[in-house]
Colleague: 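I am attaching a structure below and will ask some questions about it afterwards.
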Number of protein chains: 2
Amino acid sequence: MADVLAFTLRRAGFDVLAVYDGGAAAAAWQHAHPHLIILDLNLPHLDGMGLCRIIRSQSDVPIIMLTVRSGDADVVQGLEAGADDYVVKPFSPSQLVARVRAVLRRTDTALLPVELAAGDLRLDRARNEVHRLGLSPVRLTPLETRLLEMLMLHAGQTMTTDALLNAVWAAEGGDRAMLKQLVYRLRSKIEPDPARPTQIETIPGIGYAFVVR
Amino acid sequence: MADVLAFTLRRAGFDVLAVYDGGAAAAAWQHAHPHLIILDLNLPHLDGMGLCRIIRSQSDVPIIMLTVRSGDADVVQGLEAGADDYVVKPFSPSQLVARVRAVLRRTDTALLPVELAAGDLRLDRARNEVHRLGLSPVRLTPLETRLLEMLMLHAGQTMTTDALLNAVWAAEGGDRAMLKQLVYRLRSKIEPDPARPTQIETIPGIGYAFVVR
DNA sequence: TGTGAGGGTTACAAAATGGTAACAGATGGC
DNA sequence: GCCATCTGTTACCATTTTGTAACCCTCACA
């Protein structure tokens, strides 16, 4: 199983280190400093859930869990243990790759510079503030920051609803209503005229796009 | 079995190439560059699982596996080998067609470039907009975009009604009336004179063709 | 000349989408 | 304990998108 995953991910362009039991995983993690960990719940020697807690207690590295069972309890338990996302077996390779990309995309931003600029907006990610040329800074909530972050990061491109849901809510799973609300709230903070948005454009049927002029 | 599948799929509008053993499949795959492969696990000469791995090691083409056994292990093994989906025999033709559509939908158009140009039309798939030389852009609905996408992708060729139904409605299954309507609506948006279509030509009894001049 | 299929047009109904608003639980500071 | 903030939830509305049905015209063909 580990080998197949490694194969699939390498084909998708990732650099992969595969190990075959919990102890080895714990050791490898310390040495390799991976950008992301995929953890099977059923591991020999040291179970995935416990390992997840251990890793999480010492690092923020994103973790994706693999599980055979799809029971709600499992999922909840996994997320509580600190997993960033989970995939239920059986799954298709492309699905896993998609999840990996989504998680990396989401956490990648942790490595981003503190200040993000696009158009005449400047986002201070450390302080959750947006600055607009000359005007006084506006304070954002954590969620609003993550949404704006994604939009500015892909300024000029259309972000699909799904991509944004992934980016902002990750494994917790947001729905369209939540995104709708969040966009509304963000707009009311950063748009000169919220009723006629110029910064965050709606692309009907697809998603939203940050407009640079 | 292969012939039955081929018949079913052709009736659904697909262009099918059937081969009867693993060796022939490997050869055919290289020459034909199919958009999707349906692979029986029980093949003479070279088993499906192995062939799947070989193909997968060299290409991203979507693969659907057929098998008699329904055990979880099998499913996992198949997906591990790189299959995108899995159908257990016996199955109904319509189920298979639905799977094929779903898989194609997931993988096919997603690989397309964002901008598609043909004649003096330019389709922006990210924004659901068509641009015509000099004129202001026209907004399309998601369905209209998918239809125009298919037509432009095969500019100059005649697309059969069935092929278009497949492309646009996929698993949800559209009928002729719906396509008729959609063509009408698309024409009224992109034709200079909708009453005398020049871009989207009707090929009576067969389908439609995108005309490049 | 009648008939029917194919296709265009029109009109309307159903469903989805997106913006707005109000409210409630959770959280955290004071 | 009190208050403000953040977030999720729900409801409402307008608009757009999509599906459905009816009607018409044309053309091939008996």
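All chains are named by letter (A, B, ...) in the order of the sequence lines, taking the proteins before the strands, and each is independently numbered beginning at 1. FYI, side chains are in, hydrogens and waters are out, and symmetry mates aren't considered; it's all heavy atoms of this structure.
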Colleague: Just the endpoints, please: which first and last nucleotides of DNA chain C, 5' to 3', lie under 4.0 Å from a heavy atom of chain B?
Modeller: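 The footprint of chain B covers C/dG6 to C/dA11.
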Colleague: Which residues satisfy the side-chain contact (heavy atoms from CB on, under 4.5 Å) test with B/Ala155, sequence neighbours excluded?
Modeller: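 Counting only residues at least two positions away or on another chain, B/Ala155 forms a side-chain contact (heavy atoms from CB on, under 4.5 Å) with B/Ala118, B/Phe210, B/Val212.
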Colleague: Do the charged groups of A/Glu201 and B/Arg127 touch, with an N to O distance under 4.0 Å?
Modeller: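 Yes, charged N to carboxylate O under 4.0 Å.
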Colleague: Sequence neighbours left out, what passes salt bridge (charged side-chain N to carboxylate O under 4.0 Å, His left out) with B/Arg176? Give chain and number order.
Modeller: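 For B/Arg176, the residues satisfying salt bridge (charged side-chain N to carboxylate O under 4.0 Å, His left out) (neighbours in sequence not counted) are B/Asp162.
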Colleague: Excluding sequence neighbours, so at least two apart, what forms side-chain contact (heavy atoms from CB on, under 4.5 Å) with A/Ala26?
Modeller: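 So A/Ala26 forms a side-chain contact (heavy atoms from CB on, under 4.5 Å) with A/Leu51.
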Colleague: Nearest heavy atom decides the nucleotide; on that basis, is B/Arg196 or A/Ile206 closer to the 5' end of DNA chain C?
Modeller: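 With B/Arg196 and A/Ile206 compared, the 5'-side residue is B/Arg196.
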Colleague: Across the strands shown, which category fits B/Gly205 at heavy-atom distances under 4.0 angstrom: base, sugar-phosphate, nothing?
Modeller: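 Sugar-phosphate contact only - B/Gly205 comes under 4.0 Å of backbone atoms but never of a base.
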Colleague: Let me see the working for B/Leu66 and B/Leu41 under side chain to side chain contact (heavy atoms under 4.5 Å, CB included), right down to the final yes or no.
Modeller: CA-CA 6 Å; B/Leu66 297 185; B/Leu41 263 186; over 6 Å; no
Colleague: With sequence neighbours excluded, what pairs up with B/Asp193 under the salt bridge (charged side-chain N to carboxylate O under 4.0 Å, His left out) test?
Modeller: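 Once residues adjacent in sequence are excluded, the partners of B/Asp193 under the salt bridge (charged side-chain N to carboxylate O under 4.0 Å, His left out) criterion are B/Arg196.
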Colleague: Base contacts versus sugar-phosphate-only contacts with protein, heavy atoms under 4.0 Å: please encode nucleotides 13-25 of chain D as B, S and - from 5' to 3'.
Modeller: ----SBBB-----
Colleague: Is any side-chain heavy atom of B/Pro137 closer than 4.5 Å to one of B/Arg132?
Modeller: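 Counting from C-beta outward, B/Arg132 and B/Pro137 never come under 4.5 Å.
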Colleague: When the distance from OH of A/Tyr184 to C1' of D/dG8 is rounded to whole Å, what number comes out?
Modeller: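 One finds 16 Å between C1' of D/dG8 and OH of A/Tyr184, rounded.
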Colleague: Identify whether the distance between the nearest side-chain nitrogen and carboxylate oxygen of B/Glu144 and B/Arg185 falls below 4.0 Å.
Modeller: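 Here B/Glu144 does not pair with B/Arg185 in a salt bridge, since their nearest N and O are not under 4.0 Å apart.
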